[in-house]
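Right, one structure below, let's go through it.
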Amino acid sequence: MHVVRHATDLAPFRGGILVPTMGALHAGHAALIKQASSHESAREGVVVSIFVNPAQFNDPRDFEKYPKTWDADLALCEQCGATCIFAPEVGDIYPPGVLQAPLILPNVARGKGLEDHYRPGHFDGVYRVVKRLFDLVQPRTAVFGEKDWQQLQLVRAMVTRERFGIDIIGAPTVRETDGLAASSRNKLLSAEARERALGLSRAIEAARPCHNVAHAERAAWRLMVAHGVSPEYAAVRDGATLGPVQSRDTARVLVAGMVAGTRLIDNGTWA
Ligand code: PAF
């Protein structure tokens, strides 16, 4: 496995498969990297990028406390079949003196009252960093976790808009046996907060039996509150557009909330 610091050394891995990450890797990332390793694009290389992107943190304290676990990350990548770790410096991703043109984000990331509303500027940062990673790595395929559902739809829209011709694979959320979605932020939870955090996955379950959107959203919200989560949103939306539900089969339940100072998100099917 190669550790590449500069984009100029990425040439041998062009046309491979990319798993973009911000490090602090966990079981969810392991599943993404394993899935990437068994894909046909892996013949050209399995690149895992590790870059904590300052531009996507709307809260500087969140950026400061983002977990950093470099040695463990390398070991996990190696075990899961990565052939290259791309760990650029901020200056490689955002070269000094390069003015960033203002960005009008695709519709899936604007005015939806979801991550776009609660993390102003976040998707601007995600769009810019993923576009830059695609430009530098030039993969044929890239894998993103479904846990960041709105981000996944944004990446799909970006690939279409920018005509990247990259296949985007959405990989299912990895859950612990009690349902908690794997997340780098789980490392920040005390045992008591971890118990409360189960309110997010249970909120999704609570929404499932409900027959209409309003009831489902109310049930999910109440479940989070009852579990000691401070909800930001509990929404049932069309899975592709994140607008109003078109059919139950394509609808998604999306939740976000704070648990003891840590912000968590989750989502799942409604049907
Ligand atoms: O999902 C993440 O970890 C990040 O948003 C990503 C896609 C690596 C961009 O920094």
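Residue numbers start at 1 and run along the sequence shown. Everything quoted here is computed from the prediction, not taken from an experiment. Heavy atoms only: backbone and side chains are in, while hydrogens, waters and symmetry mates are out. In each ligand, atom 1 is the first atom listed, and ligand 1 is the first ligand listed.
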- Any donor and acceptor pair, going by atom type alone, linking the side chain of T160 with main-chain N or O of R156 inside 3.5 Å? yes
- Message: Taking D178 first and then R194, would you say they form a salt bridge - that is, a charged N and a carboxylate O separated by under 4.0 Å?
- Response: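 Yes, D178 and R194 are salt-bridged.
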Taking only heavy atoms of [X] into account, list the atoms of ligand 1 that are under 4.0 Å away from them.
| X | answer |
| --- | --- |
| V129 | 9 (C), 10 (O) |
| P20 | 8 (C) |
| T21 | 8 (C) |

- Message: For D9 and H6, which I'm curious about, is there any donor-acceptor pair between the side chains at under 3.5 Å?
- Response: no
- Item | Heavy atom of the protein closest to atom 3 (O) of ligand 1 (residue, atom name, distance) | M22 CG, 3.8 Å
- Query: To the nearest 0.1 Å, how far is atom 10 (O) of ligand 1 from its closest protein heavy atom, and which atom is that?
  - Reply: Q56 OE1, 2.6 Å
- Please confirm whether Q151 comes within less than 3.5 Å of ligand 1 when only nitrogen or oxygen atoms on both sides are compared. yes
- Query: Between N53 and ligand 1, does any nitrogen or oxygen pair lie at a separation below 3.5 Å?
  - Reply: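 N/O-N/O distance below 3.5 Å does not exist for this pair.
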- Message: I want to check a possible cation-pi pair here: R5 against W70, using under 6.0 Å from ring centre and within 45° of the ring axis as the test.
- Response: yes
- Report yes or no: is the cationic atom of R252 (NZ for Lys, CZ for Arg) closer than 6.0 Å to the six-membered ring centre of W149, at no more than 45° off its axis? yes
- Pick one of side chain, backbone, both or neither for how V155 approaches ligand 1, counting any non-hydrogen atom pair under 4.0 Å.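 None of V155 does.
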- Message: Run the side-chain contact (heavy atoms from CB on, under 4.5 Å) test against E44 and tell me which residues pass, sequence neighbours left out.
- Response: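 Listed in chain order: nothing, the list is empty.
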